[in-house]
Amino acid sequence: MHEWALVDSVVKAAEAVARESSLKTVGEIVLVLGELQSIDRQAVDTIFAELKARAAEPVRNARLVVESEPTVFKCRACGKTFAEKDCAALDPVEKEAVHFLPEAARVYIKCPACKSPDFKLEKGRGIYVREIRGEQ
Ligand SMILES: [Zn+2]
């Protein structure tokens with residue numbers, strides 16, 4: 001399961017940070033998920049609760065905060081940055097296609113300013129731990 005591997009690596013990262021920075025407790029872990037990643041948030045919470053119970057001592061009471069990174073496109077022709085919602089509404093099949101393969105966005109989305117289909121995905125695909133906060 002996708003979510004399991006993700007949460008497992010987040011917990012391991014927190015354990016490593018706690019070890020390297022000699023933290024007694026890790027209070028908060030901020031995980032950023034790109035909108036285009038289609039991660040099941042509910043599963044993330046459930047798995048985190050399960051894995052932290054078995055984690056190294058400092059991580060056992062950590063809180064996981066999940067932030068969403070919105071999708072941002074940048075037009076190569078005119079330089080405008082725009083979001084999926086700035087474009088004509090996609091039907092569910094088109095939306096699914098874009099989420100599955102962001103490159104497919106070019107087929108369905110055009111720059112709202114100059115109508116160029118030549119844009120790149122700037123944000124929305126990332127997954128990263130933004131912050132691990134703890135006490136020494
Ligand atoms: Zn443009």
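What you see below is based on every heavy atom in this structure, not just the backbone, and it leaves out hydrogens, waters and symmetry mates. Here the structure is a predicted model, which means the values were calculated and not measured. Every number for a ligand or one of its atoms is a count from 1 in the order of the listing.
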K.L.:
Leu121, Val107: one ILVMFWY side-chain cluster at the under-4.5 Å cut-off?
P.N.:
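Same cluster: Leu121 reaches Val107 through Ile, Leu, Val, Met, Phe, Trp or Tyr contacts under 4.5 Å.
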
K.L.:
Can you find a pair of side-chain heavy atoms, one from Ile29 and one from Phe48, that are under 4.5 Å apart?
P.N.:
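Sidechains of Phe48 and Ile29: in contact.
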
K.L.:
At a cut-off of 2.8 Å, list the protein N/O/S atoms near the Zn ion (ligand 1), residue plus atom name.
P.N.:
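For the Zn ion (ligand 1), the protein N, O and S atoms that sit under 2.8 Å away are Cys75 SG, Cys78 SG, Cys111 SG, Cys114 SG.
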
K.L.:
Identify which one of Val11, Val44, Val30 satisfies the side-chain contact (heavy atoms from CB on, under 4.5 Å) criterion when paired with Leu64.
P.N.:
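Of the listed residues Val11, Val44, Val30, the side-chain contact (heavy atoms from CB on, under 4.5 Å) partner of Leu64 is Val44.
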
K.L.:
Quick one: side-chain hydrogen bond (donor to acceptor under 3.5 Å, both in side chains) pairs with a partner in residues 107-122, sequence neighbours left out?
P.N.:
Arg76-Asp118

K.L.:
Looking at Glu69 and Lys123, is there a salt bridge between them, counting it only when a charged N and a carboxylate O are closer than 4.0 Å?
P.N.:
no

K.L.:
Would a single hydrophobic cluster contain both Ile127 and Val129, if residues Ile, Leu, Val, Met, Phe, Trp and Tyr are joined by side-chain heavy-atom contacts under 4.5 Å?
P.N.:
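Val129 clusters together with Ile127.
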
